Amino acid sequence: MAETATEKKVREPLFGPKERKLLTDPLNDNNPITVQVLGVCSALAVTSLVYPSIVMAISVVFVITFANLFTSLLRNLIPNEVRMIVQLVIIAFLVTMVELTLQYLNYPVYKQLSVYIGLIITNCIVMGRLEAFAMGSKPWKSILDGLGNGIGYGIILVVVAFFRELFGKGSLFAGSPIELKIIGNTSDYMINTTESVLFGWYTNNNLMVLPVAAMFIIGVYIWIQRTRNKKLVDIS
Amino acid sequence: MGEFINTFIKAAFIENLLLAYFLGMCSFLAVSKSVKTAIGLGFAVIFVLGITMPINWLINEYLLSEAGVFGMDLTFLRFILFIAVIASMVQLVEMVVEKFSPSLYAALGIFLPLITVNCAILGGSLFMVSREYTLGNAVAFGLGGGVGWFLAIVALAAIREKIRYSNVPAPLRGLGMAFLLTGLMGLAFMSLMGIDPAIFLD
């Protein structure tokens, strides 16, 4: 009698150490881009400016969290043979919602991201997390896993975009309300002054504007991450 | 004819899906460890891109656009229909290959179903819509994009096979090196941007 009573009382905590681990693991040890190699495709082309990257990161967090939730709720109803198509329909539905919302809220950024918003559908992170986690987990845990992976992806996006915009254009958050001009000469910039802000001698590095710069930055990021975190070495 | 060759050359080299737009990167980095598997996946991608592109063109033109069968603007259904076409085409290709050429099926193995979530396929279809290609151009773009993807993955696989014998710093081995190499290859492919495809027009 006593045993059954205690068993009933032991419920899984809403936010215990296990749940925290789900949320923080993808930020470093199990980062979707640098460790799982998922979702590299759409990550690289949008990162030439910080502002669109943040928008992209938020969209992916939204899509992956809700796709995880819906798949987790439906996981016992989906027949195994057609699960890919069901998952794709869930993702495509969410992405269409994001696209229409963005089109309404901020048309210039929508134009800038062009096909890459649509490509969230085939973003391997979303599919990968649905297959690996949401198909076999409870809804609350799936939400946390989705949030963690989305944020882990977003961090890489923003870090890469930070360096590319700073060295490629000399500015930060261009296109947003809090646009900043950090380094280099301002004369070639939209503000009509010839004074330099900082390091007036700096000439914009056009290499950083090209998508290949993102490959180099992520390569160096992986190098630094694996130097600090020895257990990741040679997983590839 | 010249117009189609123009689109083909442009899609394969100048606007390479992988090295200029970074589409299909996940399988590119994951499968490029040996040349043999890279060739198998490359052929599968050429095939699927070449088939889905005209089908998606017809869907976009005759079902979704305002001039189509339903007479209304259904473009918001584009993602769902395109991805459904791609998933079913991959399934179909898999069944046909399994039936008529079991040896090729065994060689491709797991890579055939993986193509469904290869961003290059859906990306190609979305580019086709945003660039307003004609049907012929869409076919040429699909085949050219596939050939470009094939060339890029085989080249990276060959480099990675060679680099296994080099003394790379341990944290950079494998994935880190693959990223840096892809960056360098992207730079090299950029030199092709100087080519003017119009020379193929006459």
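Quick caveat, the model's predicted, so the values are computed rather than measured. Order of the sequence lines fixes the chain letters, A, B, ..., with proteins taken first and strands second; residue numbering starts at 1 for each chain.
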Sub-4.5 Å side-chain heavy-atom contact between [X] and [Y]:
| X | Y | result |
| --- | --- | --- |
| Leu187(B) | Phe216(A) | yes |
| Leu175(B) | Arg226(A) | yes |
| Val220(A) | Phe179(B) | no |

So which pairs with a foot in residues 130-173 of chain B pass ring-ring contact (aromatic ring centres under 6.0 Å, His included), sequence neighbours left out?
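Qualifying pairs: Phe43(B)-Phe150(B), Tyr133(B)-Phe141(B).
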If I measure from the heavy atoms of chain A, does Leu184(B) come under 4.5 Å with its side chain, its backbone, both, or neither?
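Backbone plus side chain of Leu184(B), per the 4.5 Å heavy-atom cut-off to chain A.
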Does atom [atom1] of [X] have more than 12 heavy-atom neighbours from other groups under 6.0 Å away?
| X | atom1 | value |
| --- | --- | --- |
| Phe163(A) | CZ | no |
| Phe13(B) | CZ | no |
| Trp57(B) | CH2 | yes |

Heavy-atom pair of closest approach, residues Ile80(B) and Ala92(A):
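In this case the closest contact between Ile80(B) and Ala92(A) is CG1-CB, 3.4 Å.
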Please report the closest heavy-atom contact between Leu180(B) and Gly219(A), naming both atoms and the distance.
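Looks like CD2-CA, 4.0 Å.
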Does Phe127(B) have any ring pair (Phe, Tyr, Trp, His ring centres under 6.0 Å) partners at least two apart in sequence or in another chain, and if so, which?
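With sequence neighbours excluded, Phe127(B) shows a ring pair (Phe, Tyr, Trp, His ring centres under 6.0 Å) to Tyr21(B), given in chain and number order.
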Selection from [options] maximising heavy-atom pairs under 4.5 Å formed with chain B:
| options | answer |
| --- | --- |
| Val89(A), Leu210(A), Val95(A) | Leu210(A) |
| Ile224(A), Ile222(A), Leu207(A) | Ile222(A) |
| Ile217(A), Leu88(A), Ile33(A) | Leu88(A) |

Which one, Arg78(B), Met185(B), Met25(B), Met177(B), leads in non-hydrogen pairs under 4.5 Å with chain A?
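Among Arg78(B), Met185(B), Met25(B), Met177(B), the one with the most close pairs to chain A is Met25(B).
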Name the region of Glu99(A), side chain, backbone, both or neither, that has any atom closer than 4.5 Å to a heavy atom of chain B.
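Side chain only.
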